[in-house]
Amino acid sequence: MISPIATRPSLESERFHVVIIGGGINGVAIARECARAGKRTLLIEQHDFAAGTTSRSTRIIHGGLRYLEHGEIGMVRESLRERQRLLRERPHLVHPVHFLLALNQGSRRSALSIRIGLWLYRQLGGRRLGADLNKMDQHKLERLLDAGRRWSVFSFEDAQCEFPERLVAEWLVEAIEAGATARNHTQVLAVDVRHGRASAILMRDRLSGKEERVEANWVVNATGPWADRVCQRSRIDTRGSMVGGVRGSHIVLPRFAGAPDAAVYTEAVDTRPIFVIPWNEQVLVGTTEVPDSGDPSKAHPSPDEIEYLLRSLLQLFPRAKLSSRDIRYTFSGIRPLPFSPKAKPAAVTRKHYLHDHSDDGAAQMISVIGGKLTTAAQLARECADKIGARSDRRRELAVISGDNLDPALDQWVLDIANAGGISEDSARGIVEWHGKRSLTVARMAISSAELRAPLCQHTEHIVAEAVDAFSNECAVTMADVLLRRVPVAFGGCWSEICSRDAAARIGAVMGWNEHQAATELEAFETERAAFLRKPSALNAVLEAAAD
Ligand SMILES: Cc1cc2nc3c(=O)[nH]c(=O)nc-3n(C[C@H](O)[C@H](O)[C@H](O)COP(=O)(O)OP(=O)(O)OC[C@H]3O[C@@H](n4cnc5c(N)ncnc54)[C@H](O)[C@@H]3O)c2cc1C
């Protein structure tokens with residue numbers, strides 16, 4: 001199999017109608033929108049698609065109940081409309097989740113204000129989502145909570161996209177099918193501004209080192225927390241920062257005895273809202289809000305944040321006997337919030353805006369500021385409208401209708417298992433991650449036992465999915481595959497042995513020689529360790545908490 005890098009044609013001196021810098025969820029959504037409008041579109045990502053903030057989020061598709069406290073009713077309504085749209089269009093990736101809101105007697109929020117807030121949230125959300133609202137969960141949680149304090153438990157519905165990386169991969173494929181050109185591992189060094197207008201970009205392929213210049217009618221800076229850096233490097237004077245970075249960290253633990261099946265929305269030790277969410281057969285706890293203007297690529301949780309999250313979890317589940325040794329890994333991302341130095345991070349709006357650089361001497365250039373996973377498609381439509389790229393926006397058809405999901409999914413799983421000669425478990429995993437492209441993966445799998453082999457001994461996901469990622473989803477490195485296209489490396493039992501197995505199995509099919517396989521493996525392990533960190537310094541207080 002030919003290396004994906006070797007097949008990239010030169011783009012030197014080519015002209016695009018729109019060049020989008022940054023392949024997070026927003027950049028990919030904008031590229032899809034512009035390409036569908038028939039505009040010649042180029043998407044450039046310095047690392048890999050979804051490797052930035054997008055893969056470091058809490059992964060909830062929500063209106064944001066707490067934003068009601070800040071009076072952001074318009075934003076909540078818009079987010080809930082987008083939640084509905086994602087549930088309808090991507091039911092294999094986005095599903096309803098039953099949330100329990102647990103408040104203890106020390107809360108500054110009254111039960112009455114919560115009831116009013118939930119009532120309003122339901123009204124704004126419209127029809128029921130059909131989350132599995134299990135009364136048992138509520139009673140179980142009430143029993144588990146600290147007996148010494150009185151807790152009030154309320155329930156509501158929201159949604160979760162366990163793997164936004166997969167949503168990004170699907171939108172990316174759709175952008176390319178609509179005619180977009182996409183380059184990952186390519187950094188935009190600067191936007192060339194001539195005669196008061198953004199006219200070109202200079203970029204460097206980080207794998208080959210080759211530099212190229214591309215002409216552009218429009219440039220969209222969708223680099224999230226990196227947005228100011230792109231302007232600074234291009235000498236565009238925005239008269240102050242556009243983004244105020246706020247770090248959010250998570251800890252991931254195994255499912256502990258008594259962990260609820262429902263997602264829990266509660267207050268941390270300092271009464272800030274936090275989530276405890278069943279995720280990927282583990283428990284995801286987050287998040288924090290720490291102002292951070294450092295390099296977003298290097299964001300990681302501080303020991304204080306880890307301690308804070310663990311303490312908050314123990315406040316809720318004191319009988320769980322968890323310590324920092326139980327944490328499987330931690331990760332952080334930088335929220336690219338609008339720069340508001342005087343506001344507390346929690347109070348800064350989560351609404352996105354589009355910064356037009358005409359007044360900064362760079363017409364035909366837009367920077368995307370803020371936003372959420374939930375509203376990325378809406379942001380993309382607004383951005384495309386602004387640059388005159390209006391596509392046909394009729395409702396997309398899901399491969400499986402959300403109204404009839406379970407039986408249709410079961411039948412689709414059987415069809416994929418038959419088409420690929422694979423187990424039903426593998427077929428289910430493929431359907432859940434690859435949606436309408438499952439048949440392509442299954443047709444590849446049927447051709448050889450090596451392609452049907454699992455990526456490692458703990459997973460049902462198979463080598464054919466990795467090969468499809470290299471062939472059709474712009475994956476270039478093994479880390480692109482195992483952390484984003486087929487994100488098995490987030491699994492609870494992933495270890496160095498799994499990494500070695502996966503490298504050997506993928507390498508055998510891709511035709512990697514020994515040196516290539518070793519290089520891929522080493523690069524993957526380095527990236528995994530930097531992203532999904534084990535807490536290093538064990539904190540004595542936290543150790544004691546477990547005794
Ligand atoms: C802790 C946390 C929790 C969150 N939880 C949720 C949630 O539960 N639900 C929700 O809806 N939203 C959530 N969000 C918000 C959401 O994750 C972000 O709004 C969204 O991912 C931003 O996407 P983006 O595409 O703008 O940025 P990013 O995903 O950061 O993408 C920007 C990309 O630009 C690339 N780039 C930077 N510089 C260059 C360059 N010079 N050349 C080329 N490429 C470049 C980067 O590598 C990066 O991949 C959360 C955010 C955080 C931090």
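Atoms within each ligand, like the ligands themselves, are counted from 1 in listed order. Nothing here was measured: the structure is a model prediction, and the numbers come from that model.
- Looking only at distances, a side-chain donor or acceptor of Glu520 sits under 3.5 Å from a matching main-chain atom of Met478.
- Ligand-side atoms of ligand 1 in range of Gly248: 1 (C), range being under 4.0 angstrom from any heavy atom.
- Listed by number with element, the atoms of ligand 1 under 4.0 angstrom from any heavy atom of Gly52 are 29 (O), 30 (O), 49 (O).
- Atom numbering of ligand 1 starts at 1 in the shown order; those under 4.0 Å from a heavy atom of His62 are 9 (N).
- Residue Thr287 has at least one heavy-atom neighbour below 4.0 Å for each of these atoms of ligand 1: 1 (C).
- When all heavy atoms of Arg255 and Pro260 are compared, the closest pair comes out as NH1-O, 3.4 Å.
- Here the two rings, on Tyr265 and Phe275, have centers that are under 6.0 Å apart.
- Looking only at protein heavy atoms, the nearest one to atom 19 (O) of ligand 1 is Gly371 O, 2.7 Å.
- Using a 4.0 Å cut-off between charged side-chain N and carboxylate O, Arg213 and Glu211 make no salt bridge.
- Where the criterion is an N or O separation shorter than 3.5 Å, residue side chain and backbone included, Ile25 meets it with respect to ligand 1.
- Numbered from 1 in the order shown, with element, the atoms of ligand 1 that lie under 4.0 Å from a heavy atom of Gly224 read 26 (O), 27 (O), 32 (C).
- Residues passing the ring-ring contact (aromatic ring centres under 6.0 Å, His included) test with Trp226, sequence neighbours excluded: none.
- Put simply, part of Arg233 is less than 4.0 Å from ligand 1, judged by heavy atoms.
- For Leu189, no heavy-atom contact with ligand 1 is shorter than 4.0 Å.
- Closest to atom 34 (O) of ligand 1 among all protein heavy atoms lies Gly22 CA, 3.2 Å.
- The Arg59 neighbourhood of ligand 1 comprises atoms 7 (C), 8 (O), with distances under 4.0 Å to a heavy atom of that residue.
- Among all non-hydrogen protein atoms, the one lying nearest atom 9 (N) of ligand 1 is Ile60 O, 2.7 Å.
- Looking from atom 35 (C) of ligand 1 to the surrounding protein, the closest heavy atom is Glu45 OE1, 3.2 Å.
- Atom 31 (O) of ligand 1 has as its closest protein heavy atom Gly24 CA, 3.3 Å.
- In this structure, the protein non-hydrogen atom closest to atom 5 (N) of ligand 1 is Thr58 N, 3.1 Å.
- Here the closest non-hydrogen pair linking His17 and Lys39 is CD2-CD, 3.5 Å.
- Less than 4.0 angstrom separates some heavy atom of Pro225 from each of these atoms of ligand 1: 30 (O).
- Between Glu162 and Arg59 there is no salt bridge, since none of the side-chain N atoms of the basic residue sits less than 4.0 Å from a carboxylate O of the acidic one.
- Relative to atom 16 (C) of ligand 1, the option among Ile277, Leu284, Leu373 with the closest non-hydrogen atom is Leu373.
- Qualifying ring-ring contact (aromatic ring centres under 6.0 Å, His included) partners for Phe16, counting only residues two or more places apart in sequence or in other chains: none.
- Closest heavy-atom approach to atom 24 (P) of ligand 1 among the candidates Thr223, Ile20, Asn26: Asn26.
- In this structure, of Thr53, Thr54, Val168, Ile369, the residue bringing a heavy atom nearest to atom 23 (O) of ligand 1 is Thr54.
- The atoms of ligand 1 that sit less than 4.0 Å from any heavy atom of Arg56 are 1 (C), 2 (C).
- For atom 17 (O) of ligand 1, the candidate residues are Ser57, Gly23, Gly286, Gly370; the nearest heavy-atom contact is made by Ser57.
- The salt bridge (charged side-chain N to carboxylate O under 4.0 Å, His left out) test with Glu78 singles out one residue from Lys372, Arg381, Lys351, and that residue is Lys351.
- We find the CE-OG distance between Met365 and Ser199 to be 11.5 Å, quoted to the nearest 0.5 Å.
- A donor-acceptor contact closer than 3.5 angstrom links the side chains of Glu170 and His92.
- Electrostatic pairing of Asp360 and Arg239 counts as a salt bridge here, judged by a charged N lying under 4.0 Å from a carboxylate O.
- Ionic pairing of Glu14 and Arg183 is not present here: no N-O contact between side-chain nitrogen and carboxylate oxygen is shorter than 4.0 angstrom.
- Note: Ile176 CD1 to Asn472 CG = 9.0 Å, rounded to the nearest 0.5 Å.
- Heavy atoms of Val188 found under 4.0 angstrom from ligand 1 belong to the backbone as well as the side chain.
- For ligand 1, the polar-atom distance check against His250 finds no nitrogen or oxygen pair separated by under 3.5 Å.
- For the residues Gln46, His185, Arg335, the heavy atom positioned nearest atom 53 (C) of ligand 1 is part of Arg335.
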